[in-house]
Amino acid sequence: MRVLVCVKRVPMTGGRIVLTDDGQAIETRHLAFTISPHEECGVEEAVRLVEASGGESVVLTLGPPEAEEQLRDAMAIGIDRAIHIVTGQEEWDPQATAAAVLEAIRRDEAANGAFDLLFFGNESADAGGYQVGIRVAHALGRPIATGLKAVSIEAGSVRCEQEAAGARDVYVLPLPAVVSVKEGLNLPRYPSVPGRLRAQRKPLEAGTPARPEQRLEKLRLVVPEGEGKQAEVLGEGAAAAPRVVEVLQQIGVV
């Protein structure tokens with residue numbers, strides 16, 4: 001089995017996100033970077049599938065030279081080799097990203113045979129575009145299932161489970177196929193020190209394609225407002241009891 005997982009270098013999701021003054025990018029001067037969380041689960045699942053059935057796993061990213069760190073992290077947990085589409089610091093739009101990823105996939109498949117399964121994160125943790133995996137699947141003419149919380153291989157097909165209200169929807173796709181997965185698919189392992197040492201010796205193919213003409217226009221980025229929090233002091237001691245009862249009645253507890 002040959003499995004490819006596409007990842008993106010994104011700012012640590014636990015940090016405070018600040019935009020540049022023009023609203024076109026995230027201010028990254030004081031941020032650490034990681035693999036987008038959905039895609040971390042894709043990397044883990046690709047490693048597990050190849051460990052179980054044999055074959056080859058490949059990780060691919062489009063990003064600046066510093067994104068090699070994320071590729072080495074993926075190889076440190078078991079991915080066999082990496083493909084790096086090297087760009088500048090600017091963000092590529094989803095259409096250009098999909099075109100570059102598609103070209104890299106076709107080039108690798110021409111040399112090594114078709115990938116049985118392509119993993120994408122459901123959406124990246126920074127831009128949240130939700131487009132690249134679907135665009136690539138459409139261009140390749142392969143079936144895709146999105147928003148997945150479980151993936152398993154069954155006799156020439158892939159069983160995909162998507163959470164629904166109170167249950168799960170199940171899709172069975174013939175291979176080769178494309179899947180986009182969500183955080184919670186599995187529990188990703190951490191790279192070990194021996195794994196990191198092995199990753200330094202694994203092959204990493206890098207290329208710098210010309211950036212296609214941008215056909216999608218980004219107006220500006222907006223950081224969503226967080227949920228407001230407030231506290232109300234109801235009183236002190238026994239004197240607060242009537243007010244407590246009143247609040248419980250308001251929220252329907254009593």
Side-chain angles (χ1 to χ4, degrees), residues 1-14 28 31-87 97 100-101 103-121 124-126 132-133 136 148 150-153 158 175-176 178-209:
M1 167 169 282
R2 297 189 71 233
V3 182
L4 174 76
V5 54
C6 295
V7 303
K8 185 179 182 183
R9 169 186 167 90
V10 299
M12 287 283 192
T13 54
T28 60
L31 293 177
F33 286 84
T34 186
I35 295 173
S36 196
H38 294 326
E39 293 152 12
E40 285 184 322
C41 293
V43 170
E44 175 66 29
E45 198 68 20
V47 172
R48 293 185 185 188
L49 288 175
V50 171
E51 286 177 343
S53 60
E56 181 188 39
S57 57
V58 183
V59 62
L60 179 151
T61 196
L62 180 147
E66 294 83 358
E68 180 179 337
E69 176 186 0
Q70 280 66 51
L71 294 175
R72 295 291 179 191
D73 283 347
M75 290 190 285
I77 70 168
I79 294 289
D80 297 312
R81 62 184 176 90
I83 300 171
H84 188 181
I85 305 169
V86 184
T87 68
T97 299
V101 168
E103 181 182 349
I105 291 172
R106 284 175 169 162
R107 185 170 58 249
D108 194 278
E109 290 190 331
N112 302 298
F115 288 106
D116 297 288
L117 197 57
L118 304 179
F119 277 95
F120 289 84
S124 63
D126 52 358
V132 176
V136 170
L148 303 182
V151 173
S152 59
I153 301 299
V158 56
L175 297 177
V178 183
V179 294
S180 72
V181 299
K182 300 187 75 171
E183 191 174 6
L185 174 75
N186 51 45
L187 182 62
R189 71 195 78 178
Y190 289 101
S192 64
V193 173
R196 290 187 183 279
L197 294 175
R198 288 192 296 269
Q200 294 303 315
R201 299 190 296 271
K202 290 183 178 180
L204 189 154
E205 173 191 339
T208 307

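One is the number of the first residue; the rest follow in order along the sequence. These numbers come from the heavy atoms of this one structure, side chains and all, not from hydrogens, waters or symmetry mates.
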Participant: Looking at residues at least two apart in the chain, or sitting in another chain, which of them share a side chain to side chain donor-acceptor pair (under 3.5 Å) with Ser57?
Facilitator: Asp80
Participant: Let me see the working for Phe33 and Glu69 under side-chain contact (heavy atoms from CB on, under 4.5 Å), right down to the final yes or no.
Facilitator: CA-CA 9 Å; Phe33 286 84; Glu69 176 186 0; 5.6 Å; no
Participant: Minimum heavy-atom separation for Val47 to Ile77, with atom names?
Facilitator: CG1-O, 3.6 Å
Participant: Under the salt bridge (charged side-chain N to carboxylate O under 4.0 Å, His left out) test, which residues partner Arg196, sequence neighbours left out?
Facilitator: Asp73
Participant: Mind checking what makes side chain to side chain contact (heavy atoms under 4.5 Å, CB included) contact with Ser152, not counting sequence neighbours?
Facilitator: Glu154, Arg159
Participant: Of all residues at least two apart in sequence or in a different chain, which pass the salt bridge (charged side-chain N to carboxylate O under 4.0 Å, His left out) check with Arg48?
Facilitator: Glu44
Participant: What distance do His38 atom NE2 and Glu40 atom CD have between them, rounded to the nearest 0.5 Å?
Facilitator: 11.0 Å
Participant: Identify the heavy atoms of Val86 and Pro209 that sit nearest to each other, and give their distance.
Facilitator: O-CD, 3.9 Å
Participant: Of all heavy-atom pairs between Gly121 and Ser180, which one has the smallest distance, and what is that distance?
Facilitator: O-CB, 3.9 Å
Participant: Taking all heavy atoms of Gly184 and all of Cys41, pick out the closest pair and write down the distance.
Facilitator: N-SG, 3.7 Å
Participant: Who pairs with Glu66 by side chain to side chain donor-acceptor pair (under 3.5 Å), at least two apart in sequence or on another chain?
Facilitator: Gln89
Participant: For Glu51, what residues pass the side chain to side chain donor-acceptor pair (under 3.5 Å) criterion, not counting sequence neighbours?
Facilitator: Arg189
Participant: Identify, with sequence neighbours excluded, every residue that meets side chain to side chain contact (heavy atoms under 4.5 Å, CB included) alongside Glu109.
Facilitator: Ile105, Ala114, Phe115, Arg142
Participant: Tell me, with the steps shown, if Arg72 and Leu204 meet side-chain contact (heavy atoms from CB on, under 4.5 Å).
Facilitator: CA-CA 9 Å; Arg72 295 291 179 191; Leu204 189 154; 3.9 Å; yes
Participant: Of the options Leu49, Val178, Leu148, Leu60, which is the one that meets Phe119 in a side chain to side chain contact (heavy atoms under 4.5 Å, CB included)?
Facilitator: Leu49
Participant: What pairs with Thr61 under side chain to side chain contact (heavy atoms under 4.5 Å, CB included), at least two apart in sequence or on another chain?
Facilitator: Val7, Ala67, Leu71, His84
Participant: Who pairs with Arg81 by salt bridge (charged side-chain N to carboxylate O under 4.0 Å, His left out), at least two apart in sequence or on another chain?
Facilitator: Glu56, Asp108
Participant: Please check: side-chain N/O of Arg198 versus main-chain N/O of Met75, any donor-acceptor pairing under 3.5 Å?
Facilitator: no
Participant: Determine yes or no for a side-chain-to-main-chain donor-acceptor pair under 3.5 angstrom, with Arg9 supplying the side chain and Gly63 the backbone.
Facilitator: no
Participant: With sequence neighbours excluded, tell me which residues meet side chain to side chain contact (heavy atoms under 4.5 Å, CB included) with Ser36.
Facilitator: Val10, Glu39, Ser124, Ala125
Participant: Hey, could you give me the CZ/CG distance between Arg2 and Leu118, rounded to the nearest 0.5 Å?
Facilitator: 10.0 Å
Participant: For the pair Cys6 and Val132, evaluate side-chain contact (heavy atoms from CB on, under 4.5 Å) and give the outcome as yes or no after the intermediate values.
Facilitator: CA-CA 10 Å; Cys6 295; Val132 176; over 6 Å; no
Participant: Enter the distance from Met1:CE to Ile153:CD1 here, rounded to the nearest 0.5 Å.
Facilitator: 4.0 Å
Participant: What are the two closest non-hydrogen atoms of Leu117 and Val179, and how far apart are they?
Facilitator: CD1-CG1, 4.2 Å
